[in-house]
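Working notes, beginning with the structure itself.
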Amino acid sequence: MHWFDELFPRIESFLGDRSDIVISAGLSVSGLQHVGRLRGEVILANAIAEGLRKKGKDVKQILILYTQDSWKGKEGQLSQFDGESGKEYIGRRLIDVPDPKGCHDSWVDHYWRDFGDVLDDFARDVKVTSTTDVYKLDDMKKNVLELLGKADEIREMVNKYRGRLKYPEGWIPFEPMCKECGKIGSAETLSISEDGQVSYKCSCGDEGVSSMEEGKLNWRLEWPSLWKVLSVDIEPFGKDHATPGGSRDSCKDLAKNIINLIPPFGIPYEWVGMSSEGTDLGDMSSSDFKGFTPREWLELGESQALRFIYLQANPSKRIVLDLAKMDIYHDHLDSGYKSYWQDEKGEEDELRTRTYEISAVEHIAREGMFILPYREASLLTQISPAEDKMHWVVSRLTDTGILTKELSGDEEQYMSERIDLANTWIEKHAPANYQVTLLEELPSDVKGELTKEDMSSLTVFRERLEGTDWNEDALKGTMMQMTKEEDFPVKTKRFFRNLYLVLLGKEQGPRAAPFLSILQKDFVLGRLDEATQS
RNA sequence: GGGCCCGUAGCUUAGCUUGGUAGAGCGAUCGGCUCUUAACCGAUAGGUCAAGGGUUCGAAUCCCUUCGGGCCCGCCA
């Protein structure tokens, strides 16, 4: 059984007959908004939201940006600024840190773009909000004031979870913004008035007043407060909060005993790492600027391919992404499509089918679509002429019998998109052995790879080409005929190996006839001469 | 020091809750398609289920220990 189908009924029974459901997740815009953050906060949440919608529930999916949190000024964050210029922003709210690149209004705005602008491609109907916005809500203000009335009680509970640094009597669980130094979290709250004015004393020496909505609650209260104010029913959260006795448990405790609230159904999930050339580079990290963004993913691959990866694996398992494996990821997606429309399904097909179903962004692709494998697309794009590429590809596929029908509009559209993606992949991330690069010069070591017979086979080919028309059919005919002759010096397979070697420097390559036909005849003849000279 | 998650063929993984000595896809190798390669079809190879121990007639599956990757148990969120 698919892990999703074990999880989902548990959620349903938690929800009971409630019909208006909120599923929420949060993230801090501390830096690079990498694709790992799509896993739990966006895609997992969305799959559940969609599942509930199918059951007739009215579901709202929220993504909360923790913009009110302070900017830590970690090494990776500071390095975004010129020299030391970032240091002065340490301790400010994320929303108050300027854009180090100067092209957006703020840090948050700058780094959010590569994620937020393409969010809709990965999950529909996600309502994005921020803690900065939430603190401006009347409900939140009312909630904060209520909590302040229970300061003693709260202090006792929070101190249970703290080691030596217990909060002293009279502590107010609110972190005001200091008007003087602009920081959050470095001032002590002295009092808060009913109309939301916070008197504080800051470690910078300032004693002043700032508005409640500029500050924030202590995190152990903030989290449960968001649950309350936004009426959160379901919430995925990262593994850092997941350990029993860890942060989320303490927040649940506060929620139940202070706010009198049933905590949302929580779903812990593992993080996403990245690897390159077989080496695990570790988990993606926002503030360390490690990873790649959803926008970068979309240059190379379909959003559903990523959803498929994320939803196939149990949330408790770590996933490692490698952009060099884009072809494999699309193969997985394609096999999901195939299984989905298959009549008789084995167990494996059933699992793939479920993954495919819940990975669909908006609707499931119709039956019988012609789907060009990504790897094939990556080859074709390299050997096709730049102009009228689609036409060339379609006729290639038709000639080889891979394509046996007229493509409909949506099929052609899909193929064209995939070719574009694969093209970018080849340019930027594909393994070297997938790259078909015509050797401008014949390297000397290639000749060392050729035996006398190898050379002789190329010589024969060179002679035959003289009288061959330079088009695919004629080339194919010549090669077929030639390699079948009794006295041809090498086996067919060896001949192609030789041909690829002198043209590409590799033993394999794209289908020879169509490939040769788009090259200049003189170039090919010249290369063969060069390779066979003793 | 305590706790939690993860570790199955080169890669992605199913099976683990309710024990009966491992299934699949991709890749690889070989062969087929009277168009040869990275499409398609067929076959083959590849796993002491991280390691060791225990329970059991029998363990990938339950228990213990160890190793490896990571997280939490201070602050911060």
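For the 3.5 Å distance criterion, the side chains of A:Y374 and A:E302 fail to qualify, holding no donor opposite an acceptor. At a cut-off of 3.5 Å, with distance as the only test, a side-chain donor of A:Q68 or A:T132 sits close to an acceptor on the other residue. For the residue pair A:D327/A:Y434, the side-chain donor-acceptor check at 3.5 Å is satisfied.
Using a 4.0 Å heavy-atom criterion, one finds that A:V320 contacts no nucleic acid atom at all. Within the nucleic acid shown, A:E175 comes within 4.0 Å of sugar-phosphate atoms alone, with no base atom in reach, counting heavy atoms only. Residue-level contact check: A:L351 touches the backbone only, with heavy atoms under 4.0 Å from sugar-phosphate atoms and none from bases. At a threshold of 4.0 angstrom between heavy atoms, the contacts of A:K216 are confined to the sugar-phosphate backbone, with no base atom among them. Among the protein residues, A:E6 comes within range of no part of the nucleic acid, since none of its heavy atoms lies under 4.0 Å from any strand. A:S316 comes within 4.0 angstrom of sugar-phosphate atoms only, judged by non-hydrogen atoms across all strands, and of no base. If you check every strand for non-hydrogen atoms under 4.0 Å, A:Y161 touches sugar and phosphate atoms only. Residue contacts for A:W223: at a heavy-atom cut-off of 4.0 Å it reaches no nucleic acid atom on any strand shown. Nucleic acid contact class of A:F370 (heavy atoms, under 4.0 Å, all strands): none. The residue A:S378 sits apart from the nucleic acid: no heavy atom pair falls under 4.0 Å.
Within the structure, every side-chain polar atom (N or O) of A:R162 is placed at least 4.0 Å from both OP1 and OP2 of B:C73. Listed pair A:K317 / B:G7 meets the phosphate criterion, a side-chain N or O lying under 4.0 Å from OP1 or OP2. Taking side-chain N and O atoms only, A:K166 has no distance below 4.0 Å to OP1 or OP2 of B:G74.
Evaluated for a side-chain contact (heavy atoms from CB on, under 4.5 Å) with A:L221, the options A:N143, A:L147, A:V144 yield exactly one hit, A:L147.
Between the CG atom of A:D249 and the P atom of B:G2 there is a distance of 20 Å, rounded to whole Å. At whole-Å resolution of the value, CG in A:D331 and C1' in B:C11 are 12 Å apart. Taking atom CZ of A:R318 as the reference point, atom C1' of B:C4 lies 16 Å away to the nearest angstrom. A straight line from CZ of A:F515 to C1' of B:A39 spans 18 Å, rounded to a whole angstrom. Atom-to-atom, CG of A:N314 to P of B:U8 comes out at 14 Å; the value is rounded to the nearest Å. In this structure, the NE2 atom of A:H332 is 13 Å from the P atom of B:G25, given to the nearest Å. When the P atom of B:A77 is taken as reference, atom CG of A:L254 falls 13 Å away, rounded to whole Å. Atom P of nucleotide B:C4 and atom NE2 of A:H241 are separated by 20 Å, given to the nearest angstrom.
One C1' atom belongs to B:C30, the other to B:U21, and the distance between them is 31 Å to the nearest Å. With both ends at atom P, the span from B:U17 to B:C63 equals 10 Å, rounded to whole Å. Using C1' as the reference atom, B:G68 and B:U8 are 15 Å apart when rounded to the nearest Å. Taking atom C1' in both B:A50 and B:U36, one finds a spacing of 44 Å when rounded to whole Å. For the C1' atoms, the distance linking B:A60 with B:A9 amounts to 14 Å, nearest Å. Taking the C1' atom of each, B:U12 and B:G7 are spaced 15 Å apart, rounded to whole Å. Rounded to whole Å, the C1' atom of B:A14 lies 7 Å from the corresponding atom of B:G23. Here the separation of B:G52 from B:C67, taken at their C1' atoms, is 10 Å to the nearest Å.
Comparing B:A38, B:C5, B:U36 against the side chain of A:E376 picks out B:A38 as the nearest. Of the candidates B:U36, B:G25, B:C72, B:U36 carries the atom nearest the A:A513 side chain, counting heavy atoms from C-beta on. Looking at the side chain of A:K506, the nearest of the listed nucleotides B:A38, B:C72, B:G25 is B:A38. When distances run from any side-chain atom of A:K239 to the nucleotides B:G23, B:A77, B:G70, the shortest one goes to B:G70. Taking only side-chain atoms of A:M480, from C-beta outward, the nucleotide of B:A77, B:C35, B:A14 with the closest atom is B:C35. Between B:U13, B:C75, B:U36, one nucleotide has an atom nearer to the side chain of A:F496 than all others, and that is B:U36. Listed nucleotides: B:C76, B:U12, B:A24. Nearest to the side chain of A:E348: B:A24. Which of B:C76, B:C71, B:G25 sits closest to the side chain of A:T243 comes down to B:C71. Closest to the A:D283 side chain, of the nucleotides B:A38, B:U36, B:G70, is B:G70. Nearest to the side-chain atoms of A:M479 among the listed nucleotides B:U36, B:A77, B:A38 stands B:U36.
Under the Watson-Crick and G-U wobble criteria, each requiring two contacts below 3.5 Å, nucleotide B:C40 is paired to B:G32. Nucleotide B:C76 forms no Watson-Crick or G-U wobble pair with any nucleotide shown, as no partner meets the under 3.5 Å limit on both distances. B:G27 makes up no base pair with any nucleotide shown, lacking Watson-Crick or G-U wobble contacts both under 3.5 Å. Nucleotide B:G46: unpaired (no Watson-Crick or G-U wobble partner with both distances less than 3.5 Å).
Counting only heavy atoms from C-beta outward, the side chains of A:L458 and A:F495 approach each other to under 4.5 Å.
Relative ring orientation between A:F4 and A:F8 is described as parallel, the plane-to-plane angle staying below 30° on a 0-90° scale split at 30° and 60°. Ring pair A:W223/A:H241 is perpendicular by interplanar angle, where above 60° counts as perpendicular and below 30° as parallel.
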Item to complete: I would like to know whether A:L226 and A:V232 meet side-chain contact (heavy atoms from CB on, under 4.5 Å); could you show each step before the answer?
Response: CA-CA 8 Å; A:L226 292 171; A:V232 179; 5.7 Å; no
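For A:K87, the NZ atom is loosely surrounded, since the number of other residues' heavy atoms within 6.0 Å does not exceed 12.
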